[in-house]
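Notes for the one structure printed next.
First the proteins, then the strands, lettered A, B, ... as listed; each starts at 1.
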Protein chains: 4
Amino acid sequence: MPRLNREESQARTKTLLIEAAREEIIKKGFAQASVRDIADAAGFSQGAFYSNFPDKEAILLELVQQHQSEERAKIESVLGQASGEPAKVMAGLEKWAATANSDPGFAVLAIELQLQALRSPTFAQGYNELNRKHRRALGVLVTRLFEALGKQPPADPVEIATGFIALGRGMALLSRAGEVSRSGRIVVTFLKALIDAAPSA
Amino acid sequence: MPRLNREESQARTKTLLIEAAREEIIKKGFAQASVRDIADAAGFSQGAFYSNFPDKEAILLELVQQHQSEERAKIESVLGQASGEPAKVMAGLEKWAATANSDPGFAVLAIELQLQALRSPTFAQGYNELNRKHRRALGVLVTRLFEALGKQPPADPVEIATGFIALGRGMALLSRAGEVSRSGRIVVTFLKALIDAAPSA
Amino acid sequence: MPRLNREESQARTKTLLIEAAREEIIKKGFAQASVRDIADAAGFSQGAFYSNFPDKEAILLELVQQHQSEERAKIESVLGQASGEPAKVMAGLEKWAATANSDPGFAVLAIELQLQALRSPTFAQGYNELNRKHRRALGVLVTRLFEALGKQPPADPVEIATGFIALGRGMALLSRAGEVSRSGRIVVTFLKALIDAAPSA
Amino acid sequence: MPRLNREESQARTKTLLIEAAREEIIKKGFAQASVRDIADAAGFSQGAFYSNFPDKEAILLELVQQHQSEERAKIESVLGQASGEPAKVMAGLEKWAATANSDPGFAVLAIELQLQALRSPTFAQGYNELNRKHRRALGVLVTRLFEALGKQPPADPVEIATGFIALGRGMALLSRAGEVSRSGRIVVTFLKALIDAAPSA
DNA sequence: TATGAATGAGATTTCATTCAT
DNA sequence: AATGAATGAAATCTCATTCAT
């Protein structure tokens with residue numbers, strides 16, 4: 001490893017702590033993932049945690065930042081493909097549906113974040129902003145998708161998007177290891193039905 | 001309050017503890033709902049809790065029992081109506097969709113139970129049985145529904161049912177107070193699309 | 001089992017509780033042997049315990065009574081033989097030494113009782129009486145023994161007796177299962193040395 | 001008090017906790033000596049206890065370490081004197097016998113440790129090692145003693161040593177405050193008898 | 001910045017004891 | 001006399017957080 005200057009070293013500590021936190025929280029849940037567990041898993045002391053975050057909940061907001069970036073990136077990548085011809089669009093969607101929830105930990109983390117938002121007003125404030133943006137972005141995708149297919153969305157595109165986020169997260173909970181494929185299958189079934197049933201534009 | 005004999009009094013204590021546990025767990029999550037909180041809310045000592053349940057996790061299994069009974073009851077009531085003519089069936093479904101998730105706590109509890117099952121093997125054992133039965137029962141409903149409407153289910157009825165359970169639970173997480181109606185609306189949108197898109201039998 | 005009248009039934013309950021208490025206390029120690037454990041082992045409820053004893057410590061005093069009777073009986077049986085000729089006396093002693101500590105639980109119980117007496121003044125009061133009598137009785141045995149062998153005791157017979165009680169209890173602690181014979185061997189070694197070294201009367 | 005650096009301060013905390021534990025355990029017994037009692041007596045929080053020991057039983061093993069060191073030191077000091085002429089050897093022994101059990105707490109602690117070893121397999125493992133070493137060391141002392149006096153030990157020296165350890169511990173239990181001298185007296189009586197009765201080498 | 005001993009509050013659980021039945 | 005649900009206190013242990021180094 002190359003020598004890191006002070007700033008880089010500090011950033012690396014923070015990154016390692018965040019990654020460790022993500023794994024611990026997915027594994028045990030936020031309440032059960034102790035600061036000691038997280039710090040140990042990252043290879044630091046508990047004090048290092050508090051040098052980087054004001055309190056335990058703060059690291060959740062960092063996770064939200066990351067989660068947001070990653071989900072947005074996935075969506076953008078599909079959005080790019082969604083401007084082409086119908087066949088390509090559908091192929092892209094199927095691929096997305098298959099992979100979107102391929103990491104169950106990712107969805108479990110989303111659920112942990114949502115539960116926390118449901119219960120901690122301070123956390124909710126920062127968190128809800130994410131969901132609004134996220135839903136709106138997915139809503140745009142839905143709109144473009146129906147446009148590309150020459151159909152009319154059967155309901156508010158943002159609501160449809162919300163439905164698919166909910167479906168994905170609900171499936172993540174129901175699925176155990178090895179059943180991940182079922183999640184993608186169901187998402188595709190529902191999506192195709194919506195498209196087939198939609199009136200032409 | 002009428003005088004209770006010993007057996008009744010004991011049953012009442014257990015019932016009160018279970019109800020209190022349900023509320024506390026919905027409000028705070030299983031990990032944060034302490035035995036003291038639950039016992040206090042029920043108006044008993046912590047010791048009373050341990051006179052009725054071997055440990056904290058045991059009360060979750062009781063909640064699963066209740067949850068199961070209640071969900072099954074709702075499903076049965078719709079199943080009864082689903083044997084009639086198409087118009088009645090659809091009306092029944094819309095009513096069910098509107099009310100099924102009208103109690104967000106109900107779904108949040110379901111999520112807490114699922115998270116616990118994901119993390120506690122001992123709990124998972126008892127819990128997974130419920131989900132299997134539940135999914136199968138809903139699968140039967142889906143089958144009858146499509147039959148009554150003269151359509152072919154576009155996928156395994158149990159998978160479709162699983163999708164709707166997942167959707168309901170995911171929506172419960174996304175919904176804050178006052179947004180409950182949206183959940184029903186989305187469920188109906190998805191359901192109608194599935195029916196419309198389905199080929200005739 | 002023949003029908004018991006009320007008095008007999010009550011006495012039987014008490015006996016069963018005392019026996020169960022003895023086993024539990026030997027196995028776990030007084031502090032770790034809970035009233036529930038004892039009552040369960042005897043096949044009764046906790047309430048039955050409190051119908052028969054005013055509190056947990058009270059059953060210890062009952063055990064002392066029994067312990068006293070049993071130890072005295074053993075001593076008396078050797079005392080009887082000790083009035084004969086030297087050879088018989090020595091043979092009796094060896095037999096006693098071999099059997100006296102053959103039940104390690106018996107000595108462990110004695111130790112539990114003594115520790116309790118060391119720490120609970122109320123218990124000590126009832127308990128110390130036993131030890132005084134016990135030591136005096138053994139002192140008489142020592143006196144008779146040396147008389148029968150035509151020797152002078154090399155110290156106060158009561159102190160010599162005390163030494164052997166201490167030795168027996170100390171050995172019970174040091175011995176694990178299967179090493180019981182060693183205890184008897186050491187007792188005999190010490191006893192023979194005392195006799196050999198004693199001046200003729 | 002002089003300023004302590006971090007390491008010294010930490011070591012001091014541990015030492016204070018161990019000393020407090022020793023006193024509390026002697027006073028109340030291991031089961032009754034709560035972690036709170038021990039921490040309070042040492043002037044720390046309960047958490048400090050768990051920063052220094054993984055669990056309550058662990059401090060018993062520390063006490064064994066100390067007990068071992070101290071007993072060995074006493075034995076070594078007598079071993080040194082035992083190489084001289086017979087008169088000096090006997091004088092040293094009498095002094096040792098008088099002081100060896102002058103601290104009844106010391107023996108009571110030994111008994112608590114042994115009871116624990118009898119009941120906790122995990123503790124027994126670490127503990128039995130001590131006793132083996134201890135008995136062997138005392139066995140060497142007995143051998144040298146008889147050599148110095150020109151006599152043959154009347155039995156396996158390790159067994160004789162074991163007998164004296166047992167005698168000392170048994171006496172500690174029987175003795176109340178103020179009766180300590182009796183313990184030494186009896187030990188000397190037994191020891192002299194063994195020596196007198198032993199055949200010349 | 002990072003350490004980790006120490007804190008104080010609170011977690012689950014056990015238990016001697018009481019009491020209505 | 002016997003039951004066993006319920007109590008209230010106390011047990012062991014965990015944990016987010018602080019702070020001197």
When you measure from the side chain of Lys56(C) to the backbone N and O of Ala33(C), does any donor-acceptor pair fall under 3.5 Å?
-> yes
Kindly state each residue pair satisfying ring-ring contact (aromatic ring centres under 6.0 Å, His included) with at least one member in residues 7-41 of chain C, sequence neighbours excluded.
-> none
The reported gap from CG in Leu113(C) to NE2 in His67(C) (rounded to nearest 0.5 angstrom) is 6.5 Å
Under the salt bridge (Lys or Arg N to Asp or Glu O under 4.0 Å) test, which residues partner Arg36(C), sequence neighbours left out?
-> none
Residues Glu19(A) and Arg22(A) bridged, charged N to O under 4.0 Å | no
Contact check, side chains of Leu16(D) and Thr13(D), non-hydrogen atoms, under 4.5 Å | no
Kindly state which residues belonging to residues 54-63 of chain C come within less than 4.0 angstrom of DNA chain F, counting heavy atoms of the residue only, listed by number.
-> none
Ordered by number, residues from residues 13-32 of chain B within less than 4.0 Å of DNA chain E (heavy atoms) are none
By nearest nucleotide on DNA chain F, pick out whichever of Ala33(A) and Gln10(B) is the more 5' one.
-> Gln10(B)
Listed in order of residue number, which residues of residues 34-50 of chain D have a non-hydrogen atom at under 4.0 Å from DNA chain E?
-> Phe44(D), Ser45(D), Gly47(D), Ala48(D)
Could you give the CZ-to-P distance, from Arg12(D) to dA6(E), as a whole number of Å?
-> 11 Å
Can you check whether Ile59(B) reaches Phe49(B) side chain to side chain, under 4.5 Å on heavy atoms?
-> yes
Stem regions touching DNA chain E, defined by at least 3 consecutive Watson-Crick or wobble G-U pairs below 3.5 angstrom = E:2-21 with F:2-21
At under 4.0 Å, does any side-chain N or O of Asn52(D) touch on OP1 or OP2 of dA6(E)?
-> yes
From CA spacing to verdict: side-chain contact (heavy atoms from CB on, under 4.5 Å), Glu112(C), Leu115(D) | CA-CA 9 Å; Glu112(C) 285 289 336; Leu115(D) 282 173; 3.9 Å; yes
Taken to the nearest 0.5 Å, the spacing of Asn128(C) CG from Phe123(C) CZ works out to 9.0 Å
Of the nucleotides dA5(E), dA2(F), dA5(F), which has the atom closest to the Ser51(B) side chain?
-> dA5(F)
Using whole Å, report how far CZ of Phe53(A) lies from P of dC15(F).
-> 19 Å
Considering all heavy atoms of both residues, which atom of Ile25(D) and which atom of Arg119(C) are nearest to each other, and what is their separation?
-> O-NH2, 3.3 Å
Side-chain heavy-atom pair Glu62(A), Phe53(A) within 4.5 angstrom cut-off | yes
Heavy atoms only: give me the nearest Leu118(B)-Leu173(A) pair and the separation to one decimal.
-> CD1-O, 4.0 Å
Taking Thr15(B) for its side chain and Ala11(B) for its backbone only, find out whether a donor-acceptor pair lies under 3.5 Å.
-> yes
